[in-house]
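Numbers restart at 1 for each chain; the letters A, B, ... are given by sequence-line order, proteins then strands.
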Protein chains: 2
Amino acid sequence: MTSTLNSRSWTTERRRFVEAGGNTTYACGLGRMVGRVFALLYLTPEPLALEQIAESLAVSKASASIVVRQLAALHAIRRVWVPGDRRDFYEAETDFGVIFRDGLMPGVRKKLQSARAQIERMMEAEAASDVLEVSLSAAPDEATLTREQRAELRRRLKNARSLHSRIDRVLGSKLLSRFL
Amino acid sequence: MTSTLNSRSWTTERRRFVEAGGNTTYACGLGRMVGRVFALLYLTPEPLALEQIAESLAVSKASASIVVRQLAALHAIRRVWVPGDRRDFYEAETDFGVIFRDGLMPGVRKKLQSARAQIERMMEAEAASDVLEVSLSAAPDEATLTREQRAELRRRLKNARSLHSRIDRVLGSKLLSRFL
DNA sequence: CAGTCCGTTTAGAATTCTCTAAACGCTGGC
DNA sequence: GCCAGCGTTTAGAGAATTCTAAACGGACTG
């Protein structure tokens, strides 16, 4: 016993849903295709082959292939094996906790750590320039800071570093991934 | 009494810091310029005029003007008035809590709400297609779902809606903005 | 009231990103 | 071993974004 889903509204909403998924990932700096493919698979309870994905979204298999790989790396979709079919099938990961924890977080935290390292290099550079204090200002257009301004700069850098620490800590906590 | 900051390392690190800021905002879907300008102002304790910003980053005043407006809309920088100078000066907002709460959150929550609305339209469409159940499947290539698959689809949609609710709730909570 | 100095707007250039078509390599079946 | 089907790679077309230069409008000044 099967039921057909072919009312106009369903088809329309499906397209809009897929597009909304694309916009979401685009706003996050990932491509539009990433969200579209995920949304499509999320709406499709059974696994889809690469070509079905490409056809559904009216894109080339090449595009679909690349996007599918990104999504798999993000743990957002799984490659599943269908007996008797040589093609690769894909299905959405429905546990968002897994996607966040295993797929998104590692990359985010790596970026965060790199930013924090940059802040610390900046602090070192600021401190090192201390020894050259009141050196003859050879370059007239160089930035010249008062003592208070340098103190303010140090304050800002410390504050930024502290923020990064707090964010990194909360992203690492199990509380968050349990929440999703 | 002033101290000069002109060691090679400081200049280098400053450029890298600015570039890192650009990469961060780019990864978040905002342009690179947004982060570069903010990073520059964050490293500069005194207010900068538009042209100084443009010159520092080697971009046109037009670009700087547009970016500066975006940043002001995000509450990430403030326009300040310098007595005796007709130009507009800008300084970084150093309280990240303000930036998140007043600048970023409203936009994020609006996007979230729009996504949630799309999910709900999808649920309605799915439910509405019920009445057409077992309609003669005029289009042979239409998706046909078993009863279990439709149940799974409903489960997924409810799950996605629930996730959006939870995220929206935590973003709205004062706990978060107090944390930053 | 003319001249200058700002910031903004806008049309178009330039760059970057994205997608595609075609060729390729691999695997399994005959 | 050869053919067919599948996914991937890649060079280049195409599209979208980003940046700029130039013109504009408003505001202060002499």
Side-chain angles (χ1 to χ4, degrees), chain A residues 15 18-41 46-74 76-91 107, chain B residues 15 18-19 21-41 47-74 76-91 107:
Chain A
R15 194 190 339 270
V18 166
E19 199 47 35
N23 288 335
T24 299
T25 51
Y26 185 73
C28 295
L30 303 164
R32 280 214 166 80
M33 268 299 151
V34 172
R36 287 203 270 246
V37 170
F38 178 76
L40 172 67
L41 289 173
E46 83 253 47
L48 289 184
L50 189 65
E51 187 157 19
Q52 296 178 287
I53 295 171
E55 195 181 354
S56 295
L57 301 176
V59 297
S60 68
K61 267 203 309 180
S63 280
S65 173
I66 291 168
V67 169
V68 140
R69 197 132 45 101
Q70 292 182 79
L71 280 168
L74 290 173
I77 67 177
R78 276 190 303 262
R79 173 178 278 138
V80 297
W81 180 67
V82 171
D85 203 315
R86 269 169 57 198
R87 296 176 292 174
D88 295 340
F89 284 79
Y90 298 93
E91 67 181 10
Chain B
R15 195 190 339 273
V18 166
E19 199 46 36
N23 288 335
T24 299
T25 51
Y26 185 73
C28 294
L30 304 164
R32 280 215 166 80
M33 267 299 153
V34 172
R36 286 204 270 245
V37 170
F38 178 75
L40 172 67
L41 289 173
L48 289 184
L50 188 65
E51 187 158 17
Q52 297 177 288
I53 295 171
E55 195 182 353
S56 295
L57 300 177
V59 296
S60 68
K61 268 202 309 179
S63 280
S65 173
I66 291 167
V67 169
V68 142
R69 198 132 47 99
Q70 292 183 80
L71 280 168
L74 290 173
I77 67 177
R78 277 189 304 262
R79 173 178 279 140
V80 298
W81 180 68
V82 171
D85 203 316
R86 272 168 54 198
R87 295 174 293 174
D88 294 341
F89 285 78
Y90 299 92
E91 66 180 12

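The CD atom of B/Glu55 sits 18 Å away from the P atom of D/dC19 (whole-angstrom rounding). The distance from atom CZ of B/Arg69 to atom P of C/dC6 is 19 Å, rounded to the nearest whole Å. Following rounding to the nearest Å, A/Leu48 (CG) and D/dG7 (P) show an atom-to-atom distance of 12 Å. The separation between A/Glu51 atom CD and D/dT8 atom P is 13 Å, rounded to whole Å. Rounded to whole Å, atom P of D/dT8 lies 7 Å from atom CG of A/Asp88. Distance CD (A/Gln70) to P (D/dG7): 17 Å, rounded to an integer number of Å. Here the C1' atom of nucleotide D/dG7 and the CG atom of A/Leu71 are 16 Å apart, to the nearest Å. Straight-line distance from the CZ atom of A/Phe89 to the C1' atom of D/dC6: 11 Å, rounded to whole Å.
Neither OP1 nor OP2 of D/dA27 sits under 4.0 Å from any side-chain N or O of B/Arg87.
Looking at heavy atoms from C-beta onward, A/Arg15 lies out of side-chain contact with A/Val18 at the 4.5 angstrom threshold. A/Phe38 has its side chain out of reach of A/Thr25: every pair of non-hydrogen atoms, C-beta onward, lies at least 4.5 Å apart. At a threshold of 4.5 Å between non-hydrogen side-chain atoms, the residues A/Leu41 and A/Leu48 count as touching. Within the 4.5 Å cutoff, side-chain heavy atoms of A/Arg32 are placed close to those of A/Asn23.
Between the side chain of A/Ser65 and the backbone N or O of A/Lys61, no donor-acceptor pair lies under 3.5 Å.
Other residues, nucleotides and ligands contribute only 12 or fewer heavy atoms inside 6.0 Å of the CD atom of B/Glu51.
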Footprint string (nucleotides 14-29 of chain C, 5' to 3'): B base within contact, S backbone only, - free, heavy atoms under 4.0 Å: ---S-SBB-----BS-
